[in-house]
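Just follow the structure's listing: the first ligand is 1, and inside any ligand the first atom is 1.
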Amino acid sequence: MHSPDLGRDRLLGVGMTSQRTRDRLVARLAASGIDDLEVLEVIGREPRHLFLDEALAHRAYEDTALPIGNGQTLSQPWIVARMTELVVAEAPQRVLEIGTGSGYQTLILSRLVPLLWSVERIHALHRRAAQRLRWLHADNVRLRLADGGHGWPEAAPYDAILLTACASELPEALLAQLADGGTLIAPLEAPDGRQWLTRVRRRGARFEYQRLEGVRFVPLLEGVIR
Ligand code: SAH
């Protein structure tokens, strides 16, 4: 028989992408230290499988990072949950994300903050993310193809900034676009090559760095790939 609403079927998923599979992932995240109930609820509701190639969609609700093409990866659900939790804890109004990638982290965040700007440097990823986010009615998101190292100055300042790619030093432009009292969450590489999820708080002209857990991200790179 023909389904009258293929879009809805794809959205809800079947088998390995079903609600039961998503509930298992949420239980696992809760058991591994994610305790913001709103974050867990959004992750349990939103379709991560739509952010992956069809060949990988059946693995969407495993707690693992997966390739999204162009040498990039969709972060594992635990890290998406953790970074989202850190951002929303500050109840920010205006949020900037650097590294849209598949758009999955963007979607999760968009359900929990009023306004979100997200920048990606690879055209193919930017375009696909834009399609998915439009289809899922993430209407509070603005996307831009650009080198995120320059931020998005026209919409600054931001109450929170999130980087989903790793740098050894934060670009000046991003620090400058963080509102006073704002929070920036980013993976940062130490001189020994290890990466740490880091929280930076702005207090006037001062920036306070706090090292959180060890992580593994793709690098923050310069320039745009069309
Ligand atoms: N959050 C993404 C995963 C991102 S992987 C998701 O949920 O799918 C990191 C992303 O950062 C990649 O897509 C990479 O192209 C992008 N990136 C790296 N350097 C960048 C820069 N300078 N400006 C914008 N995007 C950048």
J.: Locate the shortest heavy-atom distance separating L145 from R226; write the atom from each residue and the value.
T.: CD2-NH1, 3.5 Å
J.: Taking a 3.5 Å cut-off between nitrogen or oxygen atoms, can you list every pair linking ligand 1 to the protein, with distances?
T.:
residue  : atom   : partner : partner atom : Å
ligand 1 : 1 (N)  : G99     : O            : 3.4
ligand 1 : 1 (N)  : T164    : OG1          : 3.3
ligand 1 : 7 (O)  : Q105    : N            : 3.2
ligand 1 : 8 (O)  : S102    : N            : 2.9
ligand 1 : 8 (O)  : S102    : OG           : 2.6
ligand 1 : 13 (O) : E120    : OE1          : 2.7
ligand 1 : 13 (O) : E120    : OE2          : 3.3
ligand 1 : 15 (O) : E120    : OE2          : 2.6
ligand 1 : 19 (N) : L221    : N            : 3.0
ligand 1 : 22 (N) : D147    : OD1          : 3.0
ligand 1 : 22 (N) : L221    : O            : 2.6
ligand 1 : 23 (N) : G148    : N            : 2.7
ligand 1 : 25 (N) : R121    : N            : 3.4

J.: For the side chain of E120 and the backbone of G101, is there at least one donor-acceptor N/O pair under 3.5 Å apart?
T.: yes
J.: Between R144 and E154, is there a side-chain N and carboxylate O pair less than 4.0 Å apart?
T.: yes
J.: Backbone N or O of A55 within a donor-acceptor pair of the D53 side chain at under 3.5 Å?
T.: no
J.: Between the side chains of Q76 and D63, is a donor N or O closer than 3.5 angstrom to an acceptor N or O?
T.: yes
J.: Please report the C-alpha distance between D159 and Q93 in whole Å, then the side-chain angles of each, then the deciding distance to 0.1 Å, and finally whether the side-chain contact (heavy atoms from CB on, under 4.5 Å) criterion is met.
T.: CA-CA 6 Å; D159 306 309; Q93 294 293 305; 3.3 Å; yes
